[in-house]
Amino acid sequence: MVGISSLVIISKVSSRPYFVQHLEQLEGSGFRLRYVRTYLVKGFETSWNRSTFWAAIVGTTAAGGLSYWVARRITKPLTLMEQITKEFAAGQLDQRLPISEIPELNQLGVSFNRMAAGLEGVEQRRRELIGDLTHELRTPLTIVRGYLEELAEGRIEASPDIYVQLTKETKRLERLVNDLQELSQAEAGYLPIHVQPIQLYPILKSLVHKFADQLMEDGPALQLEGSPDLPAVLADVDRTEQVLVNLIGNAMRYTQTGFIKVRAWTEKGKLWIAVMDTGQGISAEDLPHVFERFWRGDRSRSRHSGGSGVGLAISKRLVELQGGEIFAESQFGKGSTFRFCLPLA
């Protein structure tokens, strides 16, 4: 309507002066139009009014139809998006937007589908977390309740062994709760990280010496491979040591013979630390899940292997918060390698 109105007004104002000017030019060229000039102007205005009237009607109809068609193409995916968001609110997170022929709306749809997939993944992980957490808590709680019921009913007598077992299960619950709290803080970005230049070799040497004292004579050999002149890295001392303790502890838990090697080297502005072992290894189908909560490679020993099942998830997040990356490589029956990097100072 704005376009047609502008066309009519501008043409109405400018067409008559232009036509008169054209007639004056013809008279200057030798044509004698004095007596027919008025009729020519009136005839031109009449023809112009009629043609403009029909042009306005046809143009308005065409413009209205085209505008309606374009509006429908634009509003249809937006309406569908509104319906899908309502289904999301109702808990149905598997809906997705179809591909649109309009590039901008297609980009919006791709972003919307990516967001939907993320929400579905979060919901799936939430359900898995609740299920895994319930599964992890059930065993120690059942043991504690069983002993307490037996003691209360007098079927067993209190002894130091029972108290030791109750204390063990209570500490297990406490460790699980503390690990979950730490993981939650790390994933939310609330865990304090004090990054500063540190020398990593003394930390590696101290940890290897401490863990070597815990190995049996017929167990694996714990080795340190790296130069004492390693450059400083930007990292948090306590959090880096926590990651190393977790990785070395896992290697000791699943390595009965052979060796466990802690290796450090620099590459492309980063310091890499790898913990390699000759233990039981991880199968190819399980390898992508090693950094997930409550995942354990040895399911047959998962209840009494000493871990809470979130250690690797915490380690991954701690490394990322310090600006590094962590990776896992393994061959089932041959051993595993966990390596992570930290930026150089």
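Since this is a predicted model, take the numbers as computed values, not measurements.
- Minimum interatomic distance between Pro220 and Thr255 (heavy atoms only, all atoms of both residues): CG-O, 3.5 Å.
- Expressed to the nearest 0.5 Å, how far OH of Tyr147 lies from CD1 of Ile162 amounts to 6.5 Å.
- When all heavy atoms of Pro77 and Leu97 are compared, the pair lying nearest together is O-CD2, 4.1 Å.
- Every residue meeting the salt bridge (Lys or Arg N to Asp or Glu O under 4.0 Å) condition with Lys270, not counting sequence neighbours, appears here in chain and number order: Glu325.
- Val233 and Val237 fall within the same hydrophobic cluster, defined by Ile, Leu, Val, Met, Phe, Trp and Tyr side-chain heavy atoms under 4.5 Å apart, directly or through other members.
- Placement of Ile102 and Val110 in two distinct hydrophobic clusters is found when ILVMFWY residues are connected by side-chain heavy-atom separations under 4.5 Å, directly or transitively.
- Looking at Asp286, its side chain never comes within 3.5 Å of a backbone N or O of Ile282 through a donor-acceptor pair.
- Using a 4.5 Å cut-off between side-chain heavy atoms of Ile, Leu, Val, Met, Phe, Trp and Tyr, with links allowed through other members, Leu173 and Val164 fall into different hydrophobic clusters.
- Met252 approaches Leu215 most closely through the heavy-atom pair CE-CD2, 3.4 Å.
- Judged by distance alone, the side chain of Gln322 and the main-chain N or O of Leu318 form a donor-acceptor pair under 3.5 Å.
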(request) Take Phe291 and Ile326 through the side chain to side chain contact (heavy atoms under 4.5 Å, CB included) test and state the conclusion after the steps. (result) CA-CA 10 Å; Phe291 295 110; Ile326 187 169; 3.8 Å; yes
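- Looking at every heavy atom in both residues, Leu271 comes nearest to Trp265 through CD1-O, 3.3 Å.
- Note that the CG atom of Leu234 and the CD1 atom of Ile198 stand 9.0 Å from one another [nearest 0.5 Å].
- Atoms CG and CD, from Asp229 and Gln199 in turn, are 9.0 Å apart once rounded to the nearest 0.5 Å.
- By the rule that hydrophobic residues join a cluster once side-chain heavy atoms approach within less than 4.5 Å of another member, Ile203 and Met276 end up as members of separate clusters.
- Note that the OG atom of Ser283 and the NE2 atom of His289 stand 9.0 Å from one another [nearest 0.5 Å].
- Residue Val177 shares its hydrophobic cluster (ILVMFWY side chains chained together at separations under 4.5 Å) with no other residue.
- Heavy atoms only, all atoms of each residue included: Tyr201 and Gly226 are closest at CE1-O, 3.4 Å.
- Among pairs with a residue in residues 102-122, those fulfilling side-chain hydrogen bond (donor to acceptor under 3.5 Å, both in side chains) read Arg96-Glu120, at least two apart in sequence or across chains.
- Enclosure of atom CD in Glu285 by more than 12 non-hydrogen atoms of other residues, nucleotides or ligands within 6.0 angstrom is indicated.
- Proximity of Gln223 to Val262: side-chain heavy atoms (C-beta onward) are nowhere separated by under 4.5 Å.
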Under 3.5 Å donor-acceptor pairs involving side-chain atoms of residues 333-345, not counting sequence neighbours:
residue : atom : partner : partner atom : Å
Ser336  : OG   : Ser330  : OG           : 2.8
Arg339  : NE   : Glu329  : OE2          : 3.4
Arg339  : NH2  : Glu329  : OE2          : 3.4

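- Counting non-hydrogen atoms of neighbouring residues, nucleotides and ligands closer than 6.0 angstrom, the CD1 atom of Ile99 reaches no more than 12 such neighbours.
- Glu320 CD: more than 12 foreign heavy atoms inside a 6.0 Å radius.
- How far CD of Glu174 is from NZ of Lys171: 8.5 Å, rounded to the nearest 0.5 Å.
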Side-chain donor/acceptor pairs under 3.5 Å, residues 54-68, sequence neighbours excluded:
residue : atom : partner : partner atom : Å
Thr60   : OG1  : Ala56   : O            : 2.6
Thr61   : OG1  : Ile57   : O            : 2.9
Ser67   : OG   : Ala63   : O            : 2.7

(request) Quick one: do Ile273 and Leu200 satisfy side chain to side chain contact (heavy atoms under 4.5 Å, CB included)? Show the steps, please. (result) CA-CA 10 Å; Ile273 304 98; Leu200 202 58; 3.3 Å; yes
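- Using a cut-off of 4.0 Å between Lys/Arg side-chain N and Asp/Glu carboxylate O, Arg172 and Glu169 are scored as salt-bridged.
- A 4.5 Å side-chain heavy-atom check between Val245 and Phe211 finds at least one atom pair inside the cut-off.
- Sorted by first and then second residue, the salt bridge (charged side-chain N to carboxylate O under 4.0 Å, His left out) pairs with a member in residues 55-84 read Arg73-Glu101, Glu82-Lys86; sequence neighbours excluded.
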(message) Before you tell me yes or no, could you show the steps for Leu108 and Met81 under side chain to side chain contact (heavy atoms under 4.5 Å, CB included), namely the whole-Å CA-CA distance, both residues' side-chain angles and the distance that decides it to 0.1 Å?
(response) CA-CA 10 Å; Leu108 177 61; Met81 186 181 299; 3.7 Å; yes
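- Leu244 and Phe327 fall into different hydrophobic clusters, where Ile, Leu, Val, Met, Phe, Trp and Tyr are joined by side-chain heavy atoms under 4.5 Å apart, directly or via other members.
- Within a 6.0 Å sphere centred on CZ of Phe88, other residues, nucleotides and ligands contribute more than 12 heavy atoms.
- Gln242 contributes atom CD, which lies 10.5 Å from atom CG of Leu247 (distance to the nearest 0.5 angstrom).
- For the side chain to side chain contact (heavy atoms under 4.5 Å, CB included) with Val275, the lone residue among Val243, Asn250, Ile248 that qualifies is Ile248.
- The closest side-chain donor-acceptor pair between Glu87 and Gln83, if any, does not fall under 3.5 angstrom.
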(request) Start with the C-alpha distance between Leu224 and Lys205, add both sets of side-chain angles, then the distance that settles side chain to side chain contact (heavy atoms under 4.5 Å, CB included), and finish with yes or no. (result) CA-CA 7 Å; Leu224 174 60; Lys205 185 177 181 181; 4.0 Å; yes
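- When all heavy atoms of Ala251 and Asp277 are compared, the closest pair comes out as CB-OD2, 3.7 Å.
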